[in-house]
Engineer: 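Shown below is the structure under consideration.
In what follows, every heavy atom counts, from backbone to side chain, and hydrogens, waters and symmetry copies are set aside. Numbered from 1 within each chain, the chains take letters A, B, ... in sequence-line order. All of these numbers come straight from a predicted model, not from anything done at the bench.
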Number of protein chains: 2
Amino acid sequence: MPSQFGQFCPIALASEVLTQKWMLLVLRELNAGATRFNEIRRGVPRISATLLKQRLLQLESAGIVTRRPVGADGHEAYILTEAGAELKPILSAVGTWGQRWARDIEREDLDPAWLVWAMHRRIDTAAMPQGRTVLALHFVDAPAHHRLFWLVCEHPRVEVCIKPPGFDDTLRVETDVRTMAEVWRGIRPIGQALSEGSLTIEGPSALVGQAPGWFLLSVFSETKRADCR
Amino acid sequence: MPSQFGQFCPIALASEVLTQKWMLLVLRELNAGATRFNEIRRGVPRISATLLKQRLLQLESAGIVTRRPVGADGHEAYILTEAGAELKPILSAVGTWGQRWARDIEREDLDPAWLVWAMHRRIDTAAMPQGRTVLALHFVDAPAHHRLFWLVCEHPRVEVCIKPPGFDDTLRVETDVRTMAEVWRGIRPIGQALSEGSLTIEGPSALVGQAPGWFLLSVFSETKRADCR
DNA sequence: CGGTATCCCCCGCGATACTG
DNA sequence: CAGTATCGCGGGGGATACCG
């Protein structure tokens, strides 16, 4: 796609690559440390495999991504180049603006599977007890197949399961998707959700008190929304 | 267009508006101080009127732009809201990245009319002699109807003419489009272009020496390209 | 100047099925 | 797991003409 805008302005040239559909979300995943094809897809579940591959090729030819052979299989990992790493200020600026000014969350935005995937990257495993901690997440208002998830945490790794992982639950979190989403976004304080009863944590009382601190929430959660004026 | 990406991530929500085609360029113009419909169009000449209007409506409904009645005619001016003003870090980050890492300038990017329009916003009229200064720009390799432009400068205003403005030229600049573009981008030092002879300035020798300083160049011109390694 | 209205084409993209 | 192949449609957007 040569010269989409007919300008040599750096913003126009950068736009050609960066404003393609799904592109910023793919870059967000790569920036968050995703390297494998399906790892990226889990963070951008609504993109088709065909289109994701196409986007990755575009990123490669733009010098933003490189492929590196990995492991024993013939497959490869996608790595950000130096040019890709320098996209971080853009993602940060877009996220900050979105946190402050973007539209409110709609029904269709509330994908519980994506929420859990986002949460699993932001768990403070160092603050957890030694050994394995299993957090069961129960979204009371989600469709049956998206109602239950488990976060299996063993410092420093966190794994997402959609079936019982075979270990006892350490704690059980029960909430609705919107509450958890707003807590994750930093729009609603977790303490408020707890005292309202829209989010409950069950388990050994010593751990129940610590658990809210294990959730590090979105990287933009500290940025305050602007329309509260 | 509700929930294009099915995520409540702030980057995804911001993307819905910001990554529409032409959107960043329209915002660049608004951020540069353009307020009228056709003023924006001159900075984004390849967008159709229909689509520009559509984009402006989207910006309005996203809370990024407001319309304000202006002057005697029934028309209006487009003004950035506070949310729109806070997009500046995004434009800045995208431009900086583009300056460092975006693809090289192609033939079709080299629109001399756009170049002159970009330049006219970045003229240091305060450094010019008192009264009116007329700069004639001659692009030797441009198609006939885009070969000659005039910048009529009278502090602090600069006007672009595509026909002889009716005043004597103070100075005459002769160059090819690519040279002027690369100088404007800060990729090639103007001194180098002058000594190579790919850019010449003719007129009273006292003014010829000052003239290179009148061109403030792109706001990203100080950012160095990265692939010089 | 600042738009509308209309037409129509193309291709971006989603969906589905299949492979090494 | 990491893709490829194919099909088909929808609508985004370019072009052109028109208007107050």
Side-chain angles (χ1 to χ4, degrees), chain A residues 1-7 12 15-26 29-30 34-60 65-79 108 111 117 159-160 162, chain B residues 1-7 12 15-26 29-30 34-60 65-79 108 111 117 159-160 162:
Chain A
M1 155 196 332
S3 194
Q4 198 177 11
F5 300 110
Q7 300 183 1
S15 291
E16 290 180 358
V17 183
L18 301 180
T19 68
Q20 299 259 34
K21 196 174 185 185
W22 300 108
M23 199 60 106
L24 286 188
L25 305 187
V26 172
E29 294 306 307
L30 288 164
T35 61
R36 305 301 292 265
F37 189 85
N38 279 344
E39 196 183 358
I40 298 170
R41 270 195 98 176
R42 290 199 65 171
V44 195
R46 308 254 285 242
I47 197 175
S48 71
T50 314
L51 196 49
L52 174 55
K53 182 57 182 173
Q54 192 178 308
R55 290 293 176 262
L56 288 168
L57 288 172
Q58 291 175 303
L59 287 174
E60 201 181 348
V65 155
T66 327
R67 279 184 292 181
R68 199 169 60 186
V70 77
D73 54 359
H75 295 297
E76 297 180 294
Y78 297 94
I79 311 285
E108 302 116 59
D111 176 350
W117 183 251
E159 211 168 321
V160 176
I162 56 171
Chain B
M1 153 195 337
S3 194
Q4 199 177 10
F5 300 111
Q7 299 183 1
S15 290
E16 290 180 357
V17 183
L18 301 180
T19 69
Q20 300 259 36
K21 196 172 184 187
W22 300 107
M23 198 60 106
L24 285 188
L25 305 187
V26 172
E29 293 306 307
L30 289 163
T35 61
R36 305 301 293 265
F37 190 85
N38 279 343
E39 196 182 357
I40 298 169
R41 271 197 98 175
R42 291 199 65 171
V44 195
R46 307 253 285 242
I47 197 175
S48 72
T50 314
L51 195 49
L52 175 55
K53 183 57 182 174
Q54 191 178 309
R55 290 291 177 262
L56 288 168
L57 288 171
Q58 290 175 302
L59 287 173
E60 200 180 348
V65 154
T66 327
R67 278 184 292 179
R68 199 168 63 186
V70 77
D73 54 359
H75 295 297
E76 297 180 294
Y78 297 95
I79 311 286
E108 302 115 59
D111 175 350
W117 183 251
E159 211 168 323
V160 176
I162 56 170

Engineer: Checking the side chain of Gln7(A) only, and the main-chain atoms of Gly43(B) only, is there a donor and an acceptor separated by less than 3.5 Å?
Structural biologist: yes
Engineer: Just the rounded figure in Å: distance from P of dA2(D) to NE2 of His75(A).
Structural biologist: 6 Å
Engineer: Are any side-chain N or O atoms of Glu39(B) and backbone N or O atoms of Arg36(B), one a donor and one an acceptor, separated by less than 3.5 Å?
Structural biologist: yes
Engineer: Is Lys21(A) near enough to dG12(D) that one of its side-chain N or O atoms lies under 4.0 angstrom from OP1 or OP2?
Structural biologist: no
Engineer: Answer whether the closest heavy-atom distance between the side chains of Val70(A) and Thr35(A) falls below 4.5 Å.
Structural biologist: no
Engineer: Could you check how far CZ of Arg41(B) sits from P of dG14(D), rounded to whole Å?
Structural biologist: 11 Å
Engineer: Heavy atoms under 4.0 Å, any strand shown: does Arg55(A) hit a base, just sugar-phosphate, or nothing?
Structural biologist: sugar-phosphate
Engineer: Taking for each residue the nucleotide of DNA chain C with the nearest heavy atom, is it Arg46(A) or Ala49(A) whose nucleotide lies nearer the 5' end?
Structural biologist: Arg46(A)
Engineer: dA2(D) C1' sits how many Å from Leu56(A) CG, rounded?
Structural biologist: 11 Å
Engineer: Between P on dG3(D) and CD on Glu76(A), what's the gap in Å once rounded to a whole number?
Structural biologist: 8 Å
Engineer: Within this structure, what is the CD-to-C1' distance between Glu39(A) and dG3(D), rounded to whole angstrom?
Structural biologist: 16 Å
Engineer: Choose from dA2(D), dG20(D), dT6(C) the nucleotide whose nearest atom is closest to any side-chain atom of Thr50(B).
Structural biologist: dT6(C)
Engineer: Looking only at side-chain atoms of Trp22(B), point me to the closest of dG14(D), dG3(C), dC1(D).
Structural biologist: dG14(D)
Engineer: Mind telling me whether Phe37(A) and Tyr78(A) have parallel, tilted or perpendicular rings, with 30° and 60° as the class edges?
Structural biologist: tilted
Engineer: When you check the phosphate oxygens OP1 and OP2 of dG2(C), does a side-chain N or O of Arg36(B) lie under 4.0 Å from one of them?
Structural biologist: yes
Engineer: Starting from C1' on dA5(C), measure out to NZ on Lys53(B) and report it in whole angstrom.
Structural biologist: 15 Å
Engineer: In whole Å, what is the span from the CD atom of Gln4(B) to the P atom of dG11(D)?
Structural biologist: 13 Å
Engineer: If we only count heavy atoms from C-beta on, is the Thr19(A) to Leu18(B) side-chain gap below 4.5 Å?
Structural biologist: no
Engineer: Distance check needed: dC1(D) C1' versus Arg67(A) CZ, whole Å only.
Structural biologist: 15 Å
